[in-house]
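First comes the structure, then the notes that go with it.
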Amino acid sequence: MTKMRLTIRLDANGNPLLGHGKIRLLEQIGETGSISAAARAMGMSYRRAWLLVEAMNTAFTHPLVSARPGGGGGAGLSPEGEAVLRLYREIEDAARAAAVGPLETLAGMCSSPP
């Protein structure tokens with residue numbers, strides 16, 4: 001049987017806001033304490049990661065990622081960033097739970113993988 005995967009992308013006012021890539025970046029920043037380390041872990045350039053962080057910080061009323069105080073460098077998730085991450089995962093879990101039956105039906109309708 002074909003294995004199905006549901007991914008969620010949230011748009012705001014017709015523009016992409018959050019998806020699995022940005023959420024994974026937030027998770028990596030939270031785990032590593034660094035935008036550059038998060039980018040390396042995801043196989044992306046620092047510039048790309050910084051642009052994504054900048055886009056997320058601009059899209060919300062409060063930044064999701066902030067520099068760590070103390071001059072030692074690094075970055076971390078703000079309380080808003082942690083809340084956005086948690087809320088996205090809640091939305092994802094609810095969507096997966098609601099879609100189990102239809103996904104199984106769709107998987108059964110797919111041709112067998114090679």
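Everything numeric in this text was worked out from a predicted model, so none of it was measured.
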Exercise. CG of L51 to CE of M56: how many Å apart, nearest 0.5 Å?
Worked result: 11.0 Å
For this session: Just grab all the salt bridge (Lys or Arg N to Asp or Glu O under 4.0 Å) pairs involving residues 89-103, residues at least two apart or on different chains.
Result: E27-R89, R86-E90, R89-E92, E92-R96, D93-R96
Exercise. Do L17 and Y88 have side chains that get closer than 4.5 Å, going by heavy atoms?
Worked result: no
Problem set entry | Least distance between heavy atoms, V65 atom then A75 atom | CG1-CB, 4.0 Å
For this session: Mind jotting down which residue pairs meet the salt bridge (Lys or Arg N to Asp or Glu O under 4.0 Å) criterion with at least one end in residues 10-19? Sequence neighbours excluded, please.
Result: R9-D11
Exercise. Do L87 and L6 share a hydrophobic cluster (ILVMFWY, side-chain heavy atoms under 4.5 Å, transitive)?
Worked result: no
For this session: Apply side chain to side chain contact (heavy atoms under 4.5 Å, CB included) to M44 and L52, showing your working.
Result: CA-CA 11 Å; M44 75 170 63; L52 291 171; 4.1 Å; yes
For this session: Start with the C-alpha distance between L26 and K22, add both sets of side-chain angles, then the distance that settles side chain to side chain contact (heavy atoms under 4.5 Å, CB included), and finish with yes or no.
Result: CA-CA 6 Å; L26 290 177; K22 287 179 180 174; 5.8 Å; no
For this session: May I ask you to decide if P63's main-chain N or O and S78's side chain share a donor-acceptor pair within less than 3.5 Å?
Result: yes
For this session: Kindly indicate whether the side chain of T2, heavy atoms from C-beta on, has any atom under 4.5 Å from the side chain of M109.
Result: no
Problem set entry | Any I29 side-chain heavy atom under 4.5 Å of L64 side chain | no
Exercise. Between A49 and L25, which heavy-atom pair has the shortest distance, and what is it?
Worked result: O-CD2, 3.7 Å
Seminar exercise, completed: Closest non-hydrogen contact found for Q28 with A38 is CB-CB, 3.5 Å
For this session: Write out all pairs satisfying side chain to side chain donor-acceptor pair (under 3.5 Å) with one or both partners inside residues 29-54, taking only residues at least two apart or from two chains.
Result: S34-S36
Problem set entry | Rounded distance [0.5 Å steps], CD1 in I91 versus CD1 in I8 | 8.0 Å
